[in-house]
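What follows is a short report on a single structure.
Quick note: residue numbers are just sequence positions, from 1.
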Amino acid sequence: MTSALFSPIRLADLELANRIAVSPMCQYSADDGVASDWHIGHLGMLANSGAAMLVVEATGIERRGRITHGCLGLYSDDCEAALARLVAHCRRYGTAKLGIQLAHAGRKASARRPWEGAQPLSATDDPWETIAPSPIPFGPDWPIPREMTSADMARVRDGFVNAAKRAVRAGIDAIELHGAHGYLLHSFVSPISNKRGDEYGGLLEARMRYPLEIARAVRAAIPKGMPLGARITGNDWVEGGLTPDDAAAFARALKHAGLDFVCISSGGISTDSRPTLVANTNVEFAERVKREAGIATRTVGLIATPKQAEAIVAEGKADMVALARAMLDNPHWGWHAARALGADVVRPPQYQRAAPKVWAGATYRD
Ligand SMILES: Cc1cc2nc3c(=O)[nH]c(=O)nc-3n(C[C@H](O)[C@H](O)[C@H](O)COP(=O)(O)O)c2cc1C
């Protein structure tokens, strides 16, 4: 049996041993953007999940681009030094290649951690001013963001470039721009949140302009062979919002801007968004993007079992899959998937004695 999920894939100059990625997952455990020991434990563990690629959580390119006070950032020398230590740790002890998701939370910034309610920070929580394409709040209980000026747009564009350069210096293998879940870049593309009257608002082509400028600027700032991708939305799940057609058009434009891959997610543009949360939520959008944009396509969302992931790749619906909660539930998900699909996966030498070939217990079932 040959597994499609465990076949290699190349993104730019980066060889990946299989098609599995650990999806970026905010840990809300940083201090002014600086990674903590929690990140060493968390990412060190997931660097040995069997996934070929581990993507570091949404990382704010400026302080005000963080979602919460605990979000990771890459806007200071301290942030960079901590990321470099984290990358060195994961590289020394783990098997995965390391990506990072660069992000700006836009109008969804200045919020509480999920376990503190995920609502906007109140006046006593040290809140900060949020920025967005247009002064439209994320929802009824959210503050009105300030409409970005051309100076804001230049600063944020430079912020993405500088953070990308910091990520390269820290030893990261791949960069992913966060263009989904209602955060700043998505909020420029979506007609729900972008009502600008200048050249960055109006038709899709104009709404994509700013994210594409950022994509091109980052592309020009990082090594040619380093994969650059973006997570984008397959569907806003709200009347008048972005559709799978728009996702295909955006992916085509990103490919033209020099990107090597996209990851198709959905939802999060406003409190009115009503995603249909079923298994393989975003697979049909990914299939469409892959076919119409001709760019390496990953998808994410309610993918949990090895057979499910194998079918998505084997049937050509996506080139790669990303898993989030399934990896938290089972940090060696990739090892178990390899066993289920009759494939090989690389393990650190310290744990090789638990490989199915040498450990009879792997076959025991209750
Ligand atoms: C704890 C947690 C943190 C998350 N943080 C991020 C993030 O930093 N960036 C992002 O694009 N998605 C984030 N997500 C969304 C996941 O990457 C993923 O798209 C979503 O959970 C659906 O995939 P799943 O069904 O495999 O969990 C997060 C999800 C979880 C559970």
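Under 3.5 Å, the side chains of Tyr200 and Glu213 contain a donor-acceptor pair of N or O atoms. A donor atom on one side chain and an acceptor atom on the other are not found under 3.5 Å apart for Arg66 and Ser110. Side-chain contact check for His186 and Asp236: at least one donor-acceptor pair (N or O, by modelled atom type) lies under 3.5 Å. Side-chain polar atoms of Asp141 and Gln119 form no donor-acceptor pair below 3.5 angstrom. Side-chain contact annotation: His104 with Glu62, donor-acceptor N/O pair under 3.5 Å present. Remark: the Thr299 side chain and the Asn282 side chain contain no N/O donor-acceptor pair separated by less than 3.5 Å. Using modelled atom types and a 3.5 Å distance limit, the side chains of His181 and Thr233 yield no donor-acceptor pair. Thr59 and Gln101 share no donor-acceptor pair across their side chains, judged by distance under 3.5 Å alone.
Of all the heavy atoms in Met320 and Ala296, the pair that sits closest is CE-CB, 4.2 Å. Here the closest non-hydrogen pair linking Ile61 and Ala163 is CG2-CB, 3.6 Å. For Ala132 against Arg107, the heavy-atom pair with the smallest separation is CB-CB, 4.0 Å. In terms of heavy-atom proximity, Glu176 sits nearest to Pro24 at OE2-CG, 4.1 Å. Minimum heavy-atom separation, Asn18 to Ala52: OD1-N, 3.0 Å. Residues Pro306 and Leu341 approach most closely at O-CD1, 4.0 Å, considering heavy atoms.
Annotation: side chain of Phe138 is not in contact with side chain of Ile269 (no heavy-atom distance under 4.5 Å). Side-chain atoms of Asp126 and Leu121, non-hydrogen and from C-beta on, never get closer than 4.5 Å to each other. Within the 4.5 Å cutoff, the side chain of Leu212 has heavy atoms near those of the Arg216 side chain. Inter-residue side-chain proximity for Trp128 and Arg63 is flagged as unmet; no heavy-atom pair is nearer than 4.5 Å. A heavy-atom distance below 4.5 Å is not found between the side chains of Val56 and Leu98.
Although no hydrogens or angles enter the test, the distance criterion places a donor-acceptor pair under 3.5 Å between the side chain of Glu310 and the main chain of Ala4. Between the side chain of Asn162 and the backbone N or O of Gly159 there is no donor-acceptor pair closer than 3.5 Å. Side chain of His39 to main chain of Leu72: no donor-acceptor pair is present (N/O by atom type, distance under 3.5 Å, no hydrogens or angles). Under a 3.5 Å cut-off, the side chain of Glu315 and the backbone N or O of Ile312 do not form any donor-acceptor pair. Not one N or O on the side chain of Lys307 forms a donor-acceptor pair closer than 3.5 Å with the backbone of Ala340. The backbone N or O of Lys195 sits less than 3.5 Å from a side-chain atom of Ser134, completing a donor-acceptor pair. A donor-acceptor pair is defined here as one N or O able to donate and one able to accept, closer than 3.5 Å; such a pair exists between the side chain of Asn194 and the backbone of Phe188. In this structure, the side chain of Asp152 engages the main chain of Thr149 through a donor-acceptor pair within 3.5 Å. With Arg155 contributing its side chain and Arg157 its backbone, the two residues share no donor-acceptor pair below 3.5 Å. Judged by distance alone, the side chain of Arg19 and the main-chain N or O of Ser7 form a donor-acceptor pair under 3.5 Å.
Ion pairing between a basic and an acidic side chain is recognised when a charged N comes within 4.0 Å of a carboxylate O; Lys165 and Asp158 show no such pairing. Ion pairing between a basic and an acidic side chain is recognised when a charged N comes within 4.0 Å of a carboxylate O; Glu116 and Arg113 show such pairing.
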Are Trp237 and Phe285 close enough, and set up right, to give a ring-ring contact (aromatic ring centres under 6.0 Å, His included), and what steps lead you there?
-> CA-CA 12 Å; Trp237 301 110; Phe285 314 136; 5.6 Å; yes

Start with the C-alpha distance between Asp260 and Lys255, add both sets of side-chain angles, then the distance that settles salt bridge (charged side-chain N to carboxylate O under 4.0 Å, His left out), and finish with yes or no.
-> CA-CA 7 Å; Asp260 304 293; Lys255 183 184 178 193; over 6 Å; no

Checking side chain to side chain contact (heavy atoms under 4.5 Å, CB included) for the pair Trp335/Asn330: CA distance, chi angles, key distance, verdict?
-> CA-CA 10 Å; Trp335 299 3; Asn330 175 3; over 6 Å; no

When you look at Ser190 and Arg207, which way does the side chain to side chain contact (heavy atoms under 4.5 Å, CB included) test go after all the steps?
-> CA-CA 7 Å; Ser190 176; Arg207 299 194 312 269; 5.9 Å; no

Let me see the working for Leu328 and His42 under side chain to side chain contact (heavy atoms under 4.5 Å, CB included), right down to the final yes or no.
-> CA-CA 9 Å; Leu328 297 185; His42 165 71; 4.0 Å; yes

Does the salt bridge (charged side-chain N to carboxylate O under 4.0 Å, His left out) test come out yes or no for Arg166 and Asp77, once each step is laid out?
-> CA-CA 9 Å; Arg166 287 185 185 278; Asp77 290 348; 2.9 Å; yes

Evaluate the criterion side chain to side chain contact (heavy atoms under 4.5 Å, CB included) for residue pair Val22 and Val55; output intermediate values, then yes/no.
-> CA-CA 6 Å; Val22 179; Val55 187; over 6 Å; no

Criterion side chain to side chain donor-acceptor pair (under 3.5 Å) on Thr297 and Arg291, from CA distance to verdict | CA-CA 9 Å; Thr297 303; Arg291 191 176 55 238; over 6 Å; no

Carefully, step by step, assess Glu287 and Lys317 under the rule salt bridge (charged side-chain N to carboxylate O under 4.0 Å, His left out).
-> CA-CA 4 Å; Glu287 186 177 10; Lys317 293 178 174 163; 5.2 Å; no

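With rounding to the nearest 0.5 angstrom, the OH atom of Tyr210 is 9.0 Å from the CZ atom of Arg196. Atom-to-atom distance recorded for Arg231:CZ and Tyr183:OH is 11.0 Å, nearest 0.5 angstrom. With values rounded to the nearest 0.5 angstrom, Leu102 atom CG is found 8.5 Å from Ile172 atom CD1.
Identified under the side-chain hydrogen bond (donor to acceptor under 3.5 Å, both in side chains) test for residues 354-366, with sequence neighbours left out: Asp344-Lys357. Sorted by first and then second residue, the side-chain hydrogen bond (donor to acceptor under 3.5 Å, both in side chains) pairs involving residues 87-98 (not counting sequence neighbours) are Arg91-Asp173.
Cluster annotation: Met153 is connected to Ile131 through the hydrophobic network of ILVMFWY side chains, with a link wherever side-chain heavy atoms come within less than 4.5 Å. One hydrophobic cluster, built from ILVMFWY side chains closer than 4.5 Å, holds both Leu228 and Leu184. Neither Val300 nor Leu5 shares a network with the other; the hydrophobic side chains, linked directly or stepwise wherever heavy atoms of I, L, V, M, F, W or Y lie under 4.5 Å apart, form separate groups for each. Linking ILVMFWY residues whenever their side-chain heavy atoms come closer than 4.5 Å, directly or via other members, places Ile214 and Ile232 in the same cluster. Cluster membership check: Ile100 shares its hydrophobic cluster with Leu86, using side-chain heavy-atom separations under 4.5 Å among Ile, Leu, Val, Met, Phe, Trp and Tyr.
Around the CD atom of Glu147, the shell of radius 6.0 Å holds more than 12 heavy atoms that belong to other residues, nucleotides or ligands. Within a 6.0 Å sphere centred on CG of Asp198, heavy atoms belonging to other residues, nucleotides or ligands number more than 12. The environment of CD in Glu129 is crowded: more than 12 heavy-atom neighbours from other residues, nucleotides or ligands sit within 6.0 Å.
Using a 30° and 60° split on the angle between ring planes, Tyr351 and His332 fall in the perpendicular class, above 60°.
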